[in-house]
Amino acid sequence: MLDIRKLRSDFEAAQAALARRGKNIDLTPFLEMDAEHRALIAETDGLKAQQNAVSKQVPSLKAKGEDVSGIFEEMKALSDKIKGQDEKLRLVAEKLDDFLLGIPNLPHSDVPDGADADDNKEMRRHLAPTKFDFQPLAHWDIGTNLGILDFEMGGKVTGSRFTFYKGLGARLERALINFMLNTHIDKHGYTEVLPPYIVHRRSLEGTGQLPKFDEDNMFKLEGTSYYLNPTAEVPITNMYRESILDGAMLPINHTAYAPSFRAEAGSAGRDTRGLIRQHQFNKVEVVKFVRPEESYNELEKLVGHAEEILKQLGLPYRVSLLSAGDMGFCSAKTYDIEVWMPSYGAYVEISSCSNFEDFQARRAGIRYKDAVGDKAAFVHTLNGSGLAVGRTTAAVLENFQNADGSVTVPEVLVPYMGVSEIRN
């Protein structure tokens, strides 16, 4: 949620920043609602001050033996009027909050202008795209031929875009999860959590999934207010919802493995085949809670931590800075890390690392203090995939495939796998 004070003080700049996102977002209703809200506050405060002044007269008048029945009537009338004003104030405040909940974050000044992914800025590459002296296969064919991925069985048991991992396929997915977690914990200093896989609406509002997304893009549990987790970012960030943290604890760094569930309503095309766009997929998440002045340095660290996983695996990738029109709703600045996928002949997103500044913290009420007497300030939150596990499995199968149909296991995974090759 945007800072109301900044919107008031620099409205034109905020409107211009939102225009960079390439969407027709009109902030004018904010001015009207905010003016009404402030006027109601002033009026209500005036009535309450009048009520206090009148009530203070009662003891002295009684002591003089004067009739105070008229004052009591006046106080009752004031009380009724204040109750009405408080209800008006509540409704206007609710309307203002609902409006602001639907307004995206302002892009950071470093974010390039642009309408979509075509305007993203490539920052760097690691390793050249993999080349083969044979005709390489797509990961869905490799997995099927080796008997380690079964898409038909997933469809029979659940439906399209669900998959059974079998044998060394299941072990590869589990090996990647453990390798990623261990790297983030042991090398990068994150604290592991194992979050719930179900969240409620308030948590989704706190991290910006609602009301931004149509609920059709998430799995809601029928007859409840619960949703299957779309990303571990939601429960991890909401661990500290409505909390005032001790500033000495910052930065707080968490990592977690969790399955994620997305309906992907309306998506179609090549991505729906194989592991790239599943309704249920595994992710290892990294989340940071930091001081505002440190958040952009922490973003660079977070991106580096996600890159480290790909470097150790030996997978080619590139890092891009997203344009204003391609960024997510909550983000002020986002880097995408894209892994090379031979079957696509292109780079495919495997991690998105964002600084949300205080946008999520305002929605979720996450603040900090350095000392007891200090005024609480909002933290900055950051998040990234470290990495999307299913997509990493797909990338390993495609980039390390051999002419005989086998797959070489990356060296760092051999201790987790117990084998150096996957073959029939």
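These numbers were taken from a predicted model, which means no experiment stands behind them. We count residues from 1, following the sequence as given. Every heavy atom of this structure was used, including side-chain atoms; hydrogens, water molecules and symmetry mates were not.
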Lys23 atom NZ, over 12 foreign heavy atoms within 6.0 Å: yes

Hey, are Gln360 and Thr207 close enough side-chain-wise for a donor-acceptor pair under 3.5 Å? no

Does Asp34 use its side chain to pair, donor to acceptor, with the backbone of Phe30 at less than 3.5 Å? no

Apply the side chain to side chain contact (heavy atoms under 4.5 Å, CB included) test between Arg391 and each candidate in Gln278, Met341, Lys283, Arg277; give the one that qualifies. Arg277

Run the salt bridge (Lys or Arg N to Asp or Glu O under 4.0 Å) test on Arg201 and Glu205 for me, step by step, so that the C-alpha distance in whole Å, both residues' side-chain angles and the decisive distance to 0.1 Å come before the verdict. CA-CA 6 Å; Arg201 185 178 185 88; Glu205 288 175 348; 3.3 Å; yes

Test ring pair (Phe, Tyr, Trp, His ring centres under 6.0 Å) on Tyr226 and His200; report intermediate values, then the result. CA-CA 5 Å; Tyr226 294 129; His200 56 51; 7.1 Å; no

Side-chain ion pair, Asp370 and Arg291, N-O less than 4.0 Å: yes

Might you confirm whether atom CG of Asp186 has over 12 heavy atoms from other residues, nucleotides or ligands at distances under 6.0 Å? yes

Before accepting this row, confirm whether a basic side-chain N of the pair Glu152/Lys156 lies closer than 4.0 Å to the acidic partner's carboxylate O. no

Look at Asp374 together with Lys369 and state whether they make a salt bridge at an N to O cut-off of under 4.0 Å. no

Is there a donor in the side chain of Tyr335 and an acceptor in the side chain of Glu300, or the other way round, less than 3.5 Å apart? yes

Applying ring pair (Phe, Tyr, Trp, His ring centres under 6.0 Å), run through Phe289 and Tyr240 and close with a yes or a no. CA-CA 9 Å; Phe289 304 82; Tyr240 302 108; 4.9 Å; yes

Could you check whether atom NZ of Lys95 has more than 12 heavy atoms from other residues, nucleotides or ligands sitting under 6.0 Å from it? no

Answer yes when Asp86 and Lys48 have at least one side-chain N-carboxylate O distance shorter than 4.0 Å, and no when they do not. yes

Any idea how His188 and His184 line up, ring-wise: parallel (<30°), tilted (30 to 60°), or perpendicular (>60°)? tilted

Are any of the side-chain nitrogens in Glu357 or Arg362 under 4.0 Å away from the carboxylate oxygens of its partner? no

Considering only NZ, NE, NH1 and NH2 on the basic side and carboxylate oxygens on the acidic side, decide whether Glu307 and Arg124 come within less than 4.0 Å. yes

Output yes when Lys76 and Asp80 qualify as a salt bridge under the 4.0 Å nitrogen-oxygen rule, no when they do not. yes

Out of the candidates Phe359, Tyr296, Phe356, only one should pair with His108 under the ring-ring contact (aromatic ring centres under 6.0 Å, His included) rule; please name it. Tyr296

Output, in order, the C-alpha distance, side-chain angles, deciding distance and verdict of side-chain contact (heavy atoms from CB on, under 4.5 Å) for Asn238 and Val199. CA-CA 10 Å; Asn238 281 278; Val199 292; over 6 Å; no

Salt bridge Glu308-Lys187, side-chain N to carboxylate O under 4.0 Å: yes

